[in-house]
There are 2 protein chains.
Amino acid sequence: MVNSRTKLLDAAKQLVWDRGVEATSPNMLLARSGVGQGSLYHHFGTKAAWAGAAIAALAADLTAETDELFSAHPTGADRLRAYLSKPRAALDGCRLGRLAFDPEVRSNDTLRAPIRAYLEHLRARLREAVREVDTVDDVDGVVEAICAVVQGGYVTSRLSDDAGALERACGGLLALLDIRPDQQET
Amino acid sequence: MVNSRTKLLDAAKQLVWDRGVEATSPNMLLARSGVGQGSLYHHFGTKAAWAGAAIAALAADLTAETDELFSAHPTGADRLRAYLSKPRAALDGCRLGRLAFDPEVRSNDTLRAPIRAYLEHLRARLREAVREVDTVDDVDGVVEAICAVVQGGYVTSRLSDDAGALERACGGLLALLDIRPDQQET
DNA sequence: GTCTATAAGTGGATAGAC
DNA sequence: GTCTATCCACTTATAGAC
């Protein structure tokens with residue numbers, strides 16, 4: 001059996017992904033984790049404590065997944081293709097990006113820090129890869145466009161209830177980068 | 001003097017842009033509008049009523065602004081350049097896009113409808129413009145990428161507290177489209 | 001560590017006077 | 001149309017027993 005702290009953290013990660021911080025209440029966390037109220041306030045003294053732990057854990061997961069994906073491919077073009085073709089749960093939103101407009105995240109630097117750090121890490125990895133693609137002049141612009149297309153794809157998919165929107169956006173960007181979606185570079 | 005209904009609607013638009021629906025309370029609306037509680041519940045019977053009116057008004061504003069911008073330019077390339085170079089309050093977020101992950105918007109089709117309609121309208125205008133650009137094969141993909149870069153630029157700007165992120169992302173996409181940021185097409 | 005009980009404050013709304 | 005008073009559920013804890 002898993003301990004209460006682990007159950008709480010797992011439930012908090014799911015809820016923060018699903019609803020954000022502002023819209024998640026301690027009661028929801030108790031219900032989803034199956035843990036008693038006493039245990040919650042024993043392990044995490046405040047809402048910010050468990051929300052912060054959940055965000056930090058989500059950021060660690062995403063960072064690991066990103067590094068794994070980049071390591072699995074040798075060249076910059078391969079890495080960009082892999083990053084932009086990777087299957088994503090478009091309607092669920094990005095675990096971290098969905099928090100951009102959460103008032104409770106916005107007003108608490110401790111909650112925001114892991115998100116900023118992940119985004120910086122992603123930009124750095126993308127920058128290395130984009131630099132290898134000769135056809136690109138505006139490296140920083142293209143890096144930023146890649147981040148934005150993914151984040152924005154989640155947004156437009158959700159708004160139009162169409163998981164395909166994110167895929168099409170990524171495909172469109174790949175085409176503009178002149179990296180074929182499903183084919184190895186020479 | 002403006003009437004109470006107008007004051008309420010203006011305040012609701014600001015609050016919905018600023019905080020979303022879930023995180024905005026009737027009390028905040030009273031405080032910002034300067035109107036009494038009785039008037040609020042006279043003009044709008046429920047929270048969904050004023051939130052819906054605010055969203056519909058924001059959507060109407062955005063649609064008008066978009067049409068105005070497109071009308072001001074003759075060719076597809078001009079229109080895309082104008083759309084992607086337009087000054088935006090990156091840190092404030094898109095008035096409608098910021099609602100994509102608001103639980104209260106998500107669970108209420110009446111609130112979502114004007115947002116979906118605006119996005120569809122925007123896609124249609126972009127599609128006309130992109131079709132005029134010969135170098136683009138994947139029209140739908142590029143249309144989707146343009147929507148996503150703008151929406152995602154708002155997200156990454158907010159997350160990194162850097163208004164420049166949105167601008168750089170739009171600039172990067174313009175470069176990939178091979179439309180110069182500040183120069184007329186022949 | 002976990003439980004139940006309690007509580008101050010807010011959210012969203014209704015009632016009824018003016 | 002606008003006001004004040006009131007209401008019940010929920011949020012975010014704290015208290016203290018086990």
Side-chain angles (χ1 to χ4, degrees), chain A residues 1-57 99 101-112, chain B residues 1-57 99 101-112:
Chain A
M1 172 202 166
V2 221
N3 62 28
S4 288
R5 203 197 144 86
T6 307
K7 284 195 209 164
L8 285 165
L9 185 53
D10 286 349
K13 286 168 72 176
Q14 286 186 54
L15 284 165
V16 166
W17 186 358
D18 227 52
R19 307 183 45 85
V21 176
E22 169 98 29
T24 298
S25 74
N27 273 341
M28 294 174 194
L29 181 55
L30 296 179
R32 169 121 21 161
S33 64
V35 156
Q37 199 164 13
S39 306
L40 168 58
Y41 283 96
H42 174 71
H43 290 292
F44 299 101
T46 65
K47 184 181 179 182
W50 52 262
I55 291 174
L99 300 174
F101 297 102
D102 188 306
E104 219 158 322
V105 174
R106 199 83 215 304
S107 61
N108 182 331
D109 278 339
T110 308
L111 298 186
R112 297 178 54 194
Chain B
M1 170 204 167
V2 221
N3 62 27
S4 290
R5 202 198 145 86
T6 307
K7 285 193 208 166
L8 284 165
L9 186 54
D10 286 349
K13 286 169 72 177
Q14 285 186 53
L15 284 165
V16 166
W17 187 357
D18 226 53
R19 309 183 43 85
V21 176
E22 169 98 30
T24 299
S25 74
N27 274 341
M28 294 174 193
L29 181 55
L30 295 179
R32 168 120 21 161
S33 65
V35 155
Q37 199 163 14
S39 306
L40 168 57
Y41 283 96
H42 174 71
H43 290 292
F44 299 101
T46 64
K47 183 181 180 183
W50 52 261
I55 291 174
L99 300 174
F101 297 103
D102 188 305
E104 219 158 323
V105 173
R106 197 84 215 304
S107 62
N108 183 330
D109 279 339
T110 308
L111 298 186
R112 297 178 54 195

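Numbers restart at 1 for each chain; the letters A, B, ... are given by sequence-line order, proteins then strands.
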Just to verify, what does B:Arg106 make a salt bridge (charged side-chain N to carboxylate O under 4.0 Å, His left out) with, not counting sequence neighbours? A:Asp161

Using side chain to side chain donor-acceptor pair (under 3.5 Å) as the criterion, list what pairs up with B:Thr6, not counting sequence neighbours.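 For B:Thr6 the side chain to side chain donor-acceptor pair (under 3.5 Å) partners, ignoring immediate neighbours, are B:Asn3.
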
In whole Å, what is the span from the [atom1] atom of [X] to the [atom2] atom of [N]?
X       : N      : atom1 : atom2 : answer
A:Leu29 : C:dT2  : CG    : P     : 13 Å
B:Leu8  : D:dT2  : CG    : C1'   : 11 Å
A:Lys7  : C:dG1  : NZ    : P     : 14 Å
A:Leu30 : D:dC10 : CG    : C1'   : 13 Å
A:Leu40 : D:dT12 : CG    : P     : 11 Å

Would you tabulate the side-chain donor-acceptor contacts of residues 36-45 of chain B under 3.5 Å, counting partners in other chains and residues two or more places apart, or write 'none'?
none

Does the protein touch nucleotides 11-18 of chain C at the base, only the backbone, or not at all? Give it as B, S and - per nucleotide, heavy atoms under 4.0 Å. SSBB----

Quick one: which residue pairs count as a side-chain hydrogen bond (donor to acceptor under 3.5 Å, both in side chains) with a foot in residues 23-33 of chain B, not counting sequence neighbours? B:Gln14-B:Arg32

Note: A:Ala54 and A:Val16 closest approach over all heavy atoms is CB-CG2, 4.1 Å

Pairs meeting criterion salt bridge (charged side-chain N to carboxylate O under 4.0 Å, His left out) with involvement of residues 13-25 of chain B, two or more places apart: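 Matches after skipping sequence neighbours: B:Lys13-B:Asp61.
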
Less than 4.0 angstrom between a side-chain N/O of B:His43 and OP1 or OP2 of D:dT2, yes or no? yes

